[in-house]
Amino acid sequence: MKYFWASAAVLTFGVFSALLIYFLLPPSLLGFEFALAPAVALLIPALGIALVLLGLGLWTQGFRAQIDAALADKTAELEEQRRQFIRRLDHELKNPLTAMQIQLDNLQNAPGENSEAVAGIRVQVDRLAQLTRGLRRLADLETRPLEMESVEVEELLGEVVDIVRAPKRVQLDVQQRPWEPPPIRGDRELLLLAFRNLLENALNYSEGLVEFRASQASDHLQVEVIDTGRGIPDADLPYVTQELYRAANVHEVPGSGLGLALADGIIQRHGGTLEIRSRSGEGTIATVRLGYASG
Amino acid sequence: MTEQQMPTVLLVDDEDAIRTGLAAALDRASFEVIEARDGVEALARIEEQAPDLIVLDILMPEMDGREVCRRLREANNWTPVIMLTQIDATGEKISSLEEGADDYLNKPFDSYELIARIRALLRRQDLVERPAHLSRTLTSGRLRLERETQRAWLENDQVVLSNKAFGVLAHLMSRPNTVVSREQLLDHVWGWDDPTGSRTVDVRIAEIRRKLGDPAADPEFIETVPGEGYRFLGEVKTS
């Protein structure tokens, strides 16, 4: 690229100098006379101008690429800083939390008048412990290598139902006809965690049955988690997959604000999408789309 | 450890609040407790008092938990060690086990979890030889597992197993001819942090069987014990 610039500059300089000499200096001073056809005389400055424009175009393009690269670097740096912050926070919280849990065990073994207060503190300390676990998982998730394998859909979703809080409220329906769903390619344990979080969420914020449906699209599997609960207010909907974000209408329900962020992160790492549609007071549909194993 | 004596546990953690809290809990659970604040002090206590079990924090000033464990094992000391880890689950766990820890617990944990693990480890009697679950290589007939590199071989062919499948197979092979329940496998291979179900265990067993060519109906290596769990069949040599 540098050579191009050097040769373009020399060429442009040459063309302009020749034109200057031709038009400005009388032939008597030059000691010789040369003549050019008018078409050639016009072509030469046009070539010069074209070269200058080409040079300018390339220069701004290079400049833009530099800005883009700098921006990408900065974004990656900020992302790394955020990850490091979460790791440090998690790390710094662990020792005090462990000490608190152990001392609470000690207190609970020496029952006295304060046993109710101790039990209350325990619930809160357990929530904090859960939060640190969630934070660590989130930080891990972005960097840990995925263990990809072929995952049987019905078996995976069946296990998700087994491990949630209220399996009896879940109605699992995996489309079996005209053929069974092809396997998907993914890290089985992470997918288990993602679907579990989605299902737990639906169970937490609704009272009735939760539909857990898998259907087959031509190139992907679609899994829906449908509840008829309180729904998510419109204003909160764009933010619910952000870390630690909790919608305005759920503050009385204990939760970490990490479940959906984790699910979304896992699905994204699998190249899939998570879409959440909701109507306040009517319910929520979470739709996951994941490519099949062969894709 | 004689039957009359209370087992002695050495607690090594640089955090005073954790150490004193745990000391009280272990004392209540009828253990004799010795404490140390860092790795150097820990090695001195082990030398003087030969504890029956060591609870070892990983991150400590002076000398960290891994180094303590490495030195003990190099000196052919097989006192059971439980590592207290605090970084991430999988990576940290594998490296603690490589350093020769018998078990690990992720912070934060409560004292009941620790006491349960201490009791489980103390049931082991042989402290003079390298126990099977710490051996580098496990061999049974044509099957060989190399723990440090996490590789499995059938005769001369390498068998590529997922991390968890390797963990399950290594756990079963370390306890040949013993029934191991799905819950025990979940506890040891997956840890307490990840809520998974027993089907996850079955999926890994199926993976092992498929890759080893070991049919469930007529197994050479892993037998299903209905209603109880799984059992590794046959002699296992350790080295």
Side-chain angles (χ1 to χ4, degrees), chain A residues 87 90-110 122 125-126 128-137 139-141 143-152 154-165 167 187-190 192-193 196-197 200, chain B residues 11 13-29 57-60 84-92 105-115 160-166 186 189-204 206-207 210-211:
Chain A
R87 271 198 295 267
D90 167 45
H91 192 81
E92 288 309 315
L93 286 172
K94 270 180 194 160
N95 270 339
L97 268 174
T98 307
M100 282 158 85
Q101 279 191 324
I102 292 164
Q103 298 291 18
L104 278 171
D105 295 339
N106 290 342
L107 273 175
Q108 279 183 316
N109 270 288
R122 164 125 250 157
V125 168
D126 285 347
L128 278 174
Q130 221 174 351
L131 180 67
T132 64
R133 269 185 214 122
L135 284 174
R136 186 187 58 217
R137 274 212 192 100
D140 274 357
L141 175 65
T143 49
R144 99 171 218 197
L146 299 185
E147 262 198 285
M148 299 299 264
E149 61 184 320
S150 174
V151 180
E152 296 297 332
E154 194 177 18
E155 182 190 60
L156 177 80
L157 301 186
E159 178 160 14
V160 174
V161 178
D162 283 349
I163 61 175
V164 292
R165 206 170 37 88
D187 185 313
R188 190 177 183 279
E189 270 153 50
L190 283 181
L192 194 73
L193 180 64
R196 173 179 159 263
N197 285 358
E200 287 284 11
Chain B
L11 255 175
D13 198 313
D14 57 320
E15 193 92 16
D16 288 344
I18 293 180
R19 219 181 43 249
T20 50
L22 274 182
L26 292 186
D27 183 59
R28 217 176 35 247
D57 189 29
I58 286 197
L59 294 177
M60 286 183 300
L84 305 181
T85 68
Q86 52 180 331
I87 310 176
D88 77 280
T90 33
E92 185 87 354
L105 252 187
N106 248 318
K107 285 182 178 177
F109 58 85
D110 63 42
S111 29
Y112 302 109
E113 285 176 45
L114 180 65
I115 290 166
V160 181
L161 293 171
S162 66
N163 278 334
K164 293 292 199 271
F166 187 92
L186 276 175
V189 182
W190 279 263
W192 295 49
D193 275 5
D194 277 309
T196 39
S198 55
R199 286 199 215 194
T200 291
V201 177
D202 300 341
V203 167
R204 294 305 154 207
E207 178 191 339
R210 193 173 63 243
K211 290 178 177 169

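Note on naming: letters A, B, ... go to the chains in the order of the sequence lines (proteins, then strands), and numbering restarts at 1 for each one.
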A:E159 and B:S198 have their tightest heavy-atom pair at OE2-N, 4.0 Å
Residue from A:T132, A:V125, A:L128, A:N109 scoring the most non-hydrogen pairs under 4.5 Å with chain B is A:N109
The reported gap from CG in B:L161 to CD in A:E147 (rounded to nearest 0.5 angstrom) is 10.0 Å
Only counting residues at least two apart or in another chain, list the ones meeting side chain to side chain contact (heavy atoms under 4.5 Å, CB included) with B:V203.
A:E155, A:R188
Spacing of CD belonging to A:Q103 relative to CD1 belonging to B:I18, to within rounding of 0.5 Å:
10.0 Å
Point-to-point distance, once rounded to the nearest 0.5 Å, from CG of B:L114 to CG of A:D105
10.0 Å
Based on non-hydrogen pairs under 4.5 Å, which of B:T20, B:L22, B:D16 is most in contact with chain A?
B:L22
Heavy-atom side-chain contact between A:N106 and B:R28 under 4.5 Å:
yes
When rounded to the nearest 0.5 angstrom, what is the spacing between CE in A:M148 and OG in B:S162?
13.5 Å
Quick check: closest heavy atoms across A:R133 and B:P108, and the distance to 0.1 Å?
NH2-O, 3.7 Å
Not counting sequence neighbours, which residues clear salt bridge (charged side-chain N to carboxylate O under 4.0 Å, His left out) with A:E149? List them please.
B:R204
With chain B, the option among A:T98, A:D126, A:D162 that has the most non-hydrogen atom pairs under 4.5 Å is A:T98
Do the side chains of B:K107 and A:L97 get nearer than 4.5 Å, heavy atoms only?
no
In the structure I gave you, are the side-chain heavy atoms of B:N163 and A:E189 within less than 4.5 Å of one another anywhere?
no
Dump the intermediate steps for side-chain contact (heavy atoms from CB on, under 4.5 Å) on A:R122 and B:D110, then the final yes or no.
CA-CA 11 Å; A:R122 164 125 250 157; B:D110 63 42; 3.8 Å; yes
